[in-house]
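Since we're looking at a predicted model, the values are computed, not measured.
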Amino acid sequence: MNIRSNPDTTLPAVTTGPLASSRKIFATPDAAPDLRVPLREIILSEGAGEPNLPVYDTSGPYTDPSVTIDVNAGLPRNRMAWVKERGGVEEYAGREIKPEDNGNVGASHAAKAFTAHHRPIRGTGDHKITQLEFARAGIITKEMIYVAERENLGRKQQLERAEAALADGESFGAAVPAFITPEFVRSEIARGRAIIPSNINHAELEPMIIGRNFLTKINANIGNSAVTSSVEEEVDKMVWAIRWGADTVMDLSTGRNIHTTREWILRNSPVPIGTVPIYQALEKVKGDPVKLDWEVYKDTLIEQCEQGVDYFTIHAGVRLPYIHLTANR
(Lines give C-alpha, C1' and ligand atoms only; values in the text may rest on other atoms or scores of the structure.)
Protein backbone atom coordinates (compact mmCIF):
# COMPACT_ATOMS: atom_id res chain seq x y z
CA MET A 1 0.00 0.00 0.00
CA ASN A 2 1.15 3.51 -0.64
CA ILE A 3 -0.15 7.05 -0.63
CA ARG A 4 0.56 8.91 -3.82
CA SER A 5 -0.62 11.50 -6.28
CA ASN A 6 0.88 13.41 -9.16
CA PRO A 7 4.47 14.26 -8.13
CA ASP A 8 4.05 17.75 -9.58
CA THR A 9 1.37 18.57 -6.99
CA THR A 10 1.15 18.41 -3.23
CA LEU A 11 -2.57 18.04 -2.47
CA PRO A 12 -4.46 15.88 -2.17
CA ALA A 13 -2.95 12.39 -1.93
CA VAL A 14 -4.88 9.15 -1.40
CA THR A 15 -4.29 5.53 -0.50
CA THR A 16 -3.53 3.19 -3.40
CA GLY A 17 -2.19 -0.31 -3.93
CA PRO A 18 -3.58 -3.86 -4.13
CA LEU A 19 -5.51 -5.45 -1.30
CA ALA A 20 -3.76 -8.25 0.57
CA SER A 21 -3.49 -11.59 -1.28
CA SER A 22 -5.50 -10.16 -4.14
CA ARG A 23 -5.07 -8.90 -7.65
CA LYS A 24 -7.22 -6.87 -10.02
CA ILE A 25 -8.68 -8.72 -13.01
CA PHE A 26 -11.22 -7.74 -15.65
CA ALA A 27 -14.05 -9.61 -17.35
CA THR A 28 -15.32 -8.83 -20.84
CA PRO A 29 -19.06 -9.24 -21.50
CA ASP A 30 -19.93 -11.11 -24.69
CA ALA A 31 -22.62 -8.52 -25.44
CA ALA A 32 -20.16 -5.61 -25.29
CA PRO A 33 -16.51 -6.65 -25.91
CA ASP A 34 -15.32 -3.06 -25.41
CA LEU A 35 -16.24 -3.13 -21.71
CA ARG A 36 -13.83 -4.11 -18.92
CA VAL A 37 -15.68 -5.13 -15.77
CA PRO A 38 -13.51 -5.19 -12.62
CA LEU A 39 -13.18 -8.15 -10.26
CA ARG A 40 -10.89 -8.90 -7.33
CA GLU A 41 -9.22 -12.28 -7.53
CA ILE A 42 -8.26 -13.63 -4.11
CA ILE A 43 -5.17 -15.83 -4.27
CA LEU A 44 -6.00 -18.81 -2.03
CA SER A 45 -2.81 -20.88 -2.29
CA GLU A 46 0.18 -20.16 -4.48
CA GLY A 47 1.22 -23.28 -6.39
CA ALA A 48 -1.03 -25.67 -4.41
CA GLY A 49 -3.60 -26.16 -7.13
CA GLU A 50 -6.37 -24.31 -5.31
CA PRO A 51 -8.21 -22.10 -7.84
CA ASN A 52 -8.25 -18.39 -7.12
CA LEU A 53 -11.58 -16.91 -5.99
CA PRO A 54 -13.12 -14.05 -8.00
CA VAL A 55 -15.18 -11.64 -5.89
CA TYR A 56 -17.10 -8.42 -6.47
CA ASP A 57 -14.77 -5.41 -6.54
CA THR A 58 -15.77 -1.85 -5.65
CA SER A 59 -12.28 -0.38 -5.26
CA GLY A 60 -11.99 1.19 -8.72
CA PRO A 61 -8.52 1.87 -10.15
CA TYR A 62 -7.09 2.57 -6.69
CA THR A 63 -6.10 -1.10 -6.30
CA ASP A 64 -4.79 -1.46 -9.85
CA PRO A 65 -0.96 -1.24 -9.80
CA SER A 66 -0.90 -0.47 -13.53
CA VAL A 67 -2.77 2.82 -12.98
CA THR A 68 -1.17 6.05 -11.80
CA ILE A 69 -3.65 7.95 -9.69
CA ASP A 70 -3.82 11.74 -10.03
CA VAL A 71 -6.70 13.01 -7.95
CA ASN A 72 -6.05 16.52 -9.22
CA ALA A 73 -7.19 15.36 -12.67
CA GLY A 74 -9.85 12.89 -11.49
CA LEU A 75 -10.58 9.40 -12.76
CA PRO A 76 -11.05 8.65 -16.49
CA ARG A 77 -14.55 9.59 -17.66
CA ASN A 78 -15.13 6.42 -19.68
CA ARG A 79 -18.90 6.36 -19.33
CA MET A 80 -19.34 9.69 -21.11
CA ALA A 81 -18.74 7.89 -24.41
CA TRP A 82 -21.60 5.48 -23.63
CA VAL A 83 -23.94 8.38 -22.87
CA LYS A 84 -23.02 10.34 -25.97
CA GLU A 85 -23.22 7.41 -28.37
CA ARG A 86 -26.88 6.94 -27.34
CA GLY A 87 -27.50 10.56 -28.40
CA GLY A 88 -30.05 13.02 -27.11
CA VAL A 89 -27.68 14.96 -24.84
CA GLU A 90 -25.96 18.32 -25.01
CA GLU A 91 -23.35 20.24 -23.05
CA TYR A 92 -24.37 23.54 -21.50
CA ALA A 93 -22.85 26.23 -19.30
CA GLY A 94 -24.59 25.11 -16.15
CA ARG A 95 -25.41 27.00 -13.03
CA GLU A 96 -22.90 29.59 -11.78
CA ILE A 97 -21.18 28.60 -8.54
CA LYS A 98 -22.13 31.03 -5.77
CA PRO A 99 -20.38 31.89 -2.47
CA GLU A 100 -23.26 30.35 -0.48
CA ASP A 101 -22.62 27.00 -2.20
CA ASN A 102 -19.52 26.74 -0.02
CA GLY A 103 -21.03 28.29 3.08
CA ASN A 104 -19.69 31.78 2.21
CA VAL A 105 -16.25 30.59 3.26
CA GLY A 106 -13.55 33.24 3.36
CA ALA A 107 -10.39 33.01 1.30
CA SER A 108 -8.32 31.96 4.30
CA HIS A 109 -10.48 28.87 4.89
CA ALA A 110 -11.41 28.05 1.30
CA ALA A 111 -10.55 24.55 0.13
CA LYS A 112 -8.40 24.04 -2.94
CA ALA A 113 -10.66 24.17 -6.00
CA PHE A 114 -10.87 21.24 -8.39
CA THR A 115 -9.52 22.76 -11.60
CA ALA A 116 -10.23 19.99 -14.15
CA HIS A 117 -13.68 21.41 -14.83
CA HIS A 118 -16.22 19.56 -17.00
CA ARG A 119 -19.29 21.22 -18.47
CA PRO A 120 -22.51 19.45 -17.42
CA ILE A 121 -24.70 17.66 -19.94
CA ARG A 122 -28.48 17.32 -20.11
CA GLY A 123 -31.09 15.59 -22.21
CA THR A 124 -32.59 17.28 -25.26
CA GLY A 125 -36.17 17.20 -26.44
CA ASP A 126 -38.00 13.94 -25.74
CA HIS A 127 -34.89 11.75 -25.88
CA LYS A 128 -34.59 9.02 -23.27
CA ILE A 129 -31.91 9.77 -20.70
CA THR A 130 -32.40 7.55 -17.64
CA GLN A 131 -31.86 3.83 -17.25
CA LEU A 132 -35.55 3.52 -16.31
CA GLU A 133 -36.64 5.14 -19.58
CA PHE A 134 -34.41 2.85 -21.65
CA ALA A 135 -35.53 -0.22 -19.72
CA ARG A 136 -39.22 0.52 -20.20
CA ALA A 137 -38.57 1.07 -23.92
CA GLY A 138 -37.02 -2.40 -24.14
CA ILE A 139 -33.50 -1.06 -24.71
CA ILE A 140 -30.51 -2.76 -23.05
CA THR A 141 -27.81 -0.21 -22.28
CA LYS A 142 -24.11 -0.72 -21.68
CA GLU A 143 -24.74 0.02 -18.02
CA MET A 144 -27.13 -2.96 -17.89
CA ILE A 145 -24.63 -5.24 -19.64
CA TYR A 146 -21.91 -4.05 -17.26
CA VAL A 147 -23.86 -4.76 -14.08
CA ALA A 148 -24.98 -8.19 -15.32
CA GLU A 149 -21.32 -9.16 -15.74
CA ARG A 150 -20.53 -7.80 -12.26
CA GLU A 151 -23.39 -9.67 -10.64
CA ASN A 152 -22.18 -12.94 -12.20
CA LEU A 153 -18.64 -12.26 -10.97
CA GLY A 154 -17.36 -12.61 -14.51
CA ARG A 155 -18.95 -16.03 -15.12
CA LYS A 156 -20.11 -16.79 -18.66
CA GLN A 157 -22.62 -19.40 -17.50
CA GLN A 158 -24.38 -20.50 -14.34
CA LEU A 159 -22.59 -22.66 -11.81
CA GLU A 160 -23.31 -26.39 -11.92
CA ARG A 161 -24.97 -26.33 -8.51
CA ALA A 162 -26.68 -22.93 -8.88
CA GLU A 163 -30.24 -24.26 -9.28
CA ALA A 164 -29.86 -26.59 -6.30
CA ALA A 165 -28.40 -23.81 -4.16
CA LEU A 166 -31.32 -21.52 -4.98
CA ALA A 167 -33.83 -24.23 -4.11
CA ASP A 168 -32.14 -24.89 -0.77
CA GLY A 169 -33.56 -22.16 1.42
CA GLU A 170 -36.21 -19.50 1.81
CA SER A 171 -36.38 -16.92 -0.99
CA PHE A 172 -38.72 -14.57 0.94
CA GLY A 173 -40.48 -13.82 -2.33
CA ALA A 174 -37.35 -12.97 -4.30
CA ALA A 175 -36.83 -14.38 -7.79
CA VAL A 176 -33.05 -14.57 -8.08
CA PRO A 177 -32.07 -16.42 -11.28
CA ALA A 178 -29.18 -18.89 -11.46
CA PHE A 179 -27.50 -16.59 -13.97
CA ILE A 180 -27.99 -12.83 -14.44
CA THR A 181 -28.49 -11.70 -18.04
CA PRO A 182 -28.62 -8.13 -19.36
CA GLU A 183 -32.26 -8.77 -20.26
CA PHE A 184 -33.04 -9.75 -16.66
CA VAL A 185 -31.39 -6.52 -15.49
CA ARG A 186 -33.48 -4.53 -17.96
CA SER A 187 -36.73 -6.23 -16.93
CA GLU A 188 -36.14 -5.68 -13.21
CA ILE A 189 -35.46 -1.97 -13.79
CA ALA A 190 -38.53 -1.65 -16.02
CA ARG A 191 -40.68 -3.26 -13.30
CA GLY A 192 -39.38 -0.78 -10.73
CA ARG A 193 -37.70 -3.50 -8.66
CA ALA A 194 -34.10 -2.41 -9.26
CA ILE A 195 -32.11 0.73 -10.00
CA ILE A 196 -28.75 1.64 -11.49
CA PRO A 197 -27.87 4.94 -9.76
CA SER A 198 -25.90 6.64 -12.51
CA ASN A 199 -26.13 10.37 -13.12
CA ILE A 200 -25.01 11.12 -16.69
CA ASN A 201 -22.71 13.78 -15.22
CA HIS A 202 -20.86 11.20 -13.10
CA ALA A 203 -18.92 9.80 -16.03
CA GLU A 204 -16.22 8.33 -13.76
CA LEU A 205 -18.76 5.81 -12.46
CA GLU A 206 -18.42 2.01 -12.64
CA PRO A 207 -22.15 1.08 -12.84
CA MET A 208 -23.77 -1.08 -10.16
CA ILE A 209 -27.32 -2.23 -9.44
CA ILE A 210 -29.49 -2.25 -6.33
CA GLY A 211 -32.53 -4.51 -6.12
CA ARG A 212 -34.08 -7.44 -4.27
CA ASN A 213 -32.96 -9.95 -6.93
CA PHE A 214 -29.33 -8.86 -6.97
CA LEU A 215 -26.33 -9.06 -4.65
CA THR A 216 -26.65 -7.21 -1.34
CA LYS A 217 -25.05 -3.77 -1.45
CA ILE A 218 -23.41 -1.74 1.33
CA ASN A 219 -23.53 2.04 1.70
CA ALA A 220 -20.88 4.03 3.59
CA ASN A 221 -21.31 7.55 5.02
CA ILE A 222 -18.55 10.14 4.95
CA GLY A 223 -18.53 13.88 5.55
CA ASN A 224 -16.46 16.73 6.86
CA SER A 225 -16.02 17.27 10.57
CA ALA A 226 -16.10 20.30 12.84
CA VAL A 227 -12.94 18.93 14.44
CA THR A 228 -10.83 18.27 11.35
CA SER A 229 -11.60 18.21 7.68
CA SER A 230 -9.93 18.82 4.36
CA VAL A 231 -10.40 17.85 0.73
CA GLU A 232 -7.56 15.38 1.13
CA GLU A 233 -9.19 13.66 4.09
CA GLU A 234 -12.62 13.43 2.47
CA VAL A 235 -11.32 11.93 -0.78
CA ASP A 236 -9.24 9.43 1.17
CA LYS A 237 -12.30 8.53 3.28
CA MET A 238 -14.11 7.69 0.05
CA VAL A 239 -11.14 5.61 -1.15
CA TRP A 240 -10.94 3.68 2.13
CA ALA A 241 -14.70 3.06 2.04
CA ILE A 242 -14.51 1.43 -1.39
CA ARG A 243 -11.30 -0.46 -0.51
CA TRP A 244 -13.27 -2.19 2.24
CA GLY A 245 -16.21 -2.96 -0.03
CA ALA A 246 -18.65 -0.03 0.08
CA ASP A 247 -20.85 -0.14 -3.03
CA THR A 248 -22.11 3.42 -2.64
CA VAL A 249 -20.94 6.41 -0.60
CA MET A 250 -22.95 9.28 0.85
CA ASP A 251 -21.28 12.64 1.37
CA LEU A 252 -22.97 14.05 4.48
CA SER A 253 -20.79 17.15 4.73
CA THR A 254 -22.13 20.31 6.35
CA GLY A 255 -20.70 23.77 6.92
CA ARG A 256 -18.03 25.29 4.71
CA ASN A 257 -16.60 24.07 1.38
CA ILE A 258 -19.50 21.67 0.72
CA HIS A 259 -19.57 22.22 -3.05
CA THR A 260 -15.80 22.07 -3.50
CA THR A 261 -15.42 18.97 -1.33
CA ARG A 262 -18.20 17.19 -3.22
CA GLU A 263 -16.58 18.04 -6.56
CA TRP A 264 -13.30 16.42 -5.49
CA ILE A 265 -15.14 13.33 -4.26
CA LEU A 266 -17.28 12.93 -7.39
CA ARG A 267 -14.44 13.39 -9.86
CA ASN A 268 -12.47 10.69 -8.06
CA SER A 269 -15.25 8.24 -7.21
CA PRO A 270 -15.90 5.01 -9.17
CA VAL A 271 -19.03 4.31 -7.06
CA PRO A 272 -22.34 6.19 -6.88
CA ILE A 273 -22.29 9.25 -4.61
CA GLY A 274 -25.37 10.31 -2.67
CA THR A 275 -26.22 13.34 -0.55
CA VAL A 276 -28.87 14.77 1.75
CA PRO A 277 -29.58 18.04 -0.11
CA ILE A 278 -31.31 19.74 2.82
CA TYR A 279 -27.96 19.86 4.64
CA GLN A 280 -26.52 22.20 2.04
CA ALA A 281 -29.79 24.03 1.49
CA LEU A 282 -29.88 24.94 5.19
CA GLU A 283 -26.30 26.22 5.00
CA LYS A 284 -27.36 28.53 2.18
CA VAL A 285 -29.90 30.21 4.49
CA LYS A 286 -27.47 30.23 7.45
CA GLY A 287 -29.32 27.47 9.26
CA ASP A 288 -32.65 29.32 9.48
CA PRO A 289 -35.43 26.86 8.47
CA VAL A 290 -37.91 29.73 8.15
CA LYS A 291 -35.91 30.99 5.16
CA LEU A 292 -35.68 27.56 3.53
CA ASP A 293 -38.12 27.73 0.62
CA TRP A 294 -38.61 25.68 -2.54
CA GLU A 295 -36.44 27.96 -4.67
CA VAL A 296 -33.41 27.43 -2.40
CA TYR A 297 -34.02 23.68 -2.26
CA LYS A 298 -34.57 23.39 -6.02
CA ASP A 299 -31.40 25.38 -6.68
CA THR A 300 -29.48 22.94 -4.47
CA LEU A 301 -30.87 19.92 -6.32
CA ILE A 302 -29.86 21.42 -9.68
CA GLU A 303 -26.40 22.28 -8.37
CA GLN A 304 -25.78 18.75 -7.14
CA CYS A 305 -27.26 17.09 -10.24
CA GLU A 306 -24.98 19.12 -12.47
CA GLN A 307 -22.01 17.97 -10.42
CA GLY A 308 -23.00 14.34 -10.87
CA VAL A 309 -24.67 13.27 -7.60
CA ASP A 310 -26.30 9.88 -8.26
CA TYR A 311 -28.97 9.68 -5.56
CA PHE A 312 -30.59 11.80 -2.86
CA THR A 313 -32.04 11.21 0.58
CA ILE A 314 -35.01 13.55 0.76
CA HIS A 315 -36.03 14.52 4.30
CA ALA A 316 -39.72 15.24 4.17
CA GLY A 317 -42.61 15.39 6.61
CA VAL A 318 -46.32 14.68 6.25
CA ARG A 319 -48.72 17.43 7.31
CA LEU A 320 -51.45 16.48 9.78
CA PRO A 321 -54.34 16.95 7.29
CA TYR A 322 -52.80 14.27 5.04
CA ILE A 323 -51.95 11.64 7.67
CA HIS A 324 -55.10 9.65 6.82
CA LEU A 325 -53.76 9.13 3.29
CA THR A 326 -50.87 7.09 4.72
CA ALA A 327 -53.03 4.73 6.81
CA ASN A 328 -53.04 1.84 4.34
CA ARG A 329 -49.53 2.26 2.91
Side-chain angles (χ1 to χ4, degrees), residues 2-16 60-62 64 67-81 83-84 89-122 198-206 222-225 228-242 249 251-275 277 280 283-284 299-310:
N2 53 58
I3 299 178
R4 59 187 174 136
S5 64
N6 188 317
D8 296 329
T9 59
T10 56
L11 283 176
V14 294
T15 305
T16 64
Y62 296 98
D64 188 344
V67 176
T68 299
I69 299 295
D70 181 358
V71 293
N72 297 280
L75 299 182
R77 294 169 59 81
N78 297 328
R79 201 168 66 89
M80 189 58 71
V83 173
K84 288 186 175 181
V89 296
E90 65 179 5
E91 290 187 356
Y92 66 111
R95 168 189 175 284
E96 183 180 353
I97 306 307
K98 307 169 186 175
E100 56 264 34
D101 298 341
N102 281 307
N104 290 299
V105 63
S108 61
H109 293 97
K112 178 182 177 182
F114 188 83
T115 55
H117 178 69
H118 304 284
R119 285 164 60 93
I121 61 171
R122 62 187 174 192
S198 52
N199 188 331
I200 57 174
N201 287 303
H202 189 185
E204 301 83 358
L205 184 72
E206 296 177 353
I222 64 173
N224 62 13
S225 164
T228 173
S229 182
S230 67
V231 164
E232 180 176 15
E233 289 172 304
E234 294 308 311
V235 175
D236 208 31
K237 283 181 192 176
M238 179 274 295
V239 171
W240 272 107
I242 63 177
V249 171
D251 175 21
L252 303 182
S253 295
T254 59
R256 299 177 300 199
N257 293 309
I258 296 180
H259 181 96
T260 299
T261 300
R262 188 170 55 238
E263 185 73 14
W264 279 97
I265 292 170
L266 278 161
R267 301 288 72 84
N268 286 284
S269 174
V271 302
I273 296 296
T275 67
Q280 185 181 16
E283 295 291 349
K284 292 181 179 181
D299 178 65
T300 305
L301 294 176
I302 292 171
E303 171 193 351
Q304 297 190 11
C305 284
E306 289 184 344
Q307 280 189 288
V309 171
D310 299 289

Next on the checklist: Within the structure provided, determine whether R95 and D101 are in side-chain contact (heavy-atom separation under 4.5 Å).
Outcome noted: yes
Checklist entry - Can T261 and E234 be counted as having a side-chain donor-acceptor contact under 3.5 angstrom? => result no
Item to check | Pairwise side-chain contact, F114 with V231, heavy-atom cut-off 4.5 Å (strictly under) | outcome: no
Item to check | Minimum-distance pair of heavy atoms, taken over all atoms of E206 and P61 | outcome: OE2-CD, 4.2 Å
Checklist entry - Nearest 0.5 Å, what's the CD1-CG distance between I200 and D310? => result 11.0 Å
Item to check | E91 with K84: basic N within carboxylate O range, under 4.0 Å | outcome: yes
Checklist entry - Do you know which two heavy atoms are closest between P120 and G94, and how far apart they sit? => result CG-CA, 3.8 Å
Checklist entry - Mind checking whether K112 and E232 have side chains closer than 4.5 Å, heavy atoms only? => result no
Checklist entry - Less than 4.5 Å apart, any side-chain heavy atom of N268 and any of V14? => result no
Item to check | Shortest non-hydrogen contact between T260 and N102, atoms and distance | outcome: N-OD1, 3.0 Å
Item to check | Stepwise side chain to side chain contact (heavy atoms under 4.5 Å, CB included) test for K98 and E303 | outcome: CA-CA 10 Å; K98 307 169 186 175; E303 171 193 351; over 6 Å; no
Checklist outcome for this item: All heavy atoms of P270 vs all of G60, minimum pair found to be CG-CA, 3.7 Å
Checklist outcome for this item: Interatomic distance, NE2@H259 vs NZ@K284, rounded to 0.5 Å, equals 9.0 Å
Checklist entry - Is any side-chain heavy atom of N72 less than 4.5 Å from a side-chain heavy atom of W264? => result yes
Checklist entry - How long is the span from the CG atom in N104 to the CD atom in E283, to the nearest 0.5 Å? => result 10.0 Å
Checklist entry - So do the side chains of V249 and S269 get within less than 4.5 Å of each other, counting heavy atoms only? => result no
Item to check | Atom pair OG1/CD of T115 and E263 - distance to nearest 0.5 Å | outcome: 10.5 Å
Checklist entry - Would you say M238 and I265 make side-chain contact, with heavy atoms under 4.5 Å? => result yes
Item to check | Atom pair NE2 (H202) and SG (C305), whose distance is rounded to the nearest 0.5 Å | outcome: 13.5 Å
Item to check | Qualifying residue, where the test is side-chain contact (heavy atoms from CB on, under 4.5 Å) with N224 and the options are D251, T254, L252 | outcome: T254
Item to check | Approximate separation, where rounding is to 0.5 Å, of Q304 CD and T275 OG1 | outcome: 3.5 Å
Checklist entry - Going through the checks in order, is the side chain to side chain contact (heavy atoms under 4.5 Å, CB included) test met by V83 and R79? => result CA-CA 6 Å; V83 173; R79 201 168 66 89; 4.2 Å; yes
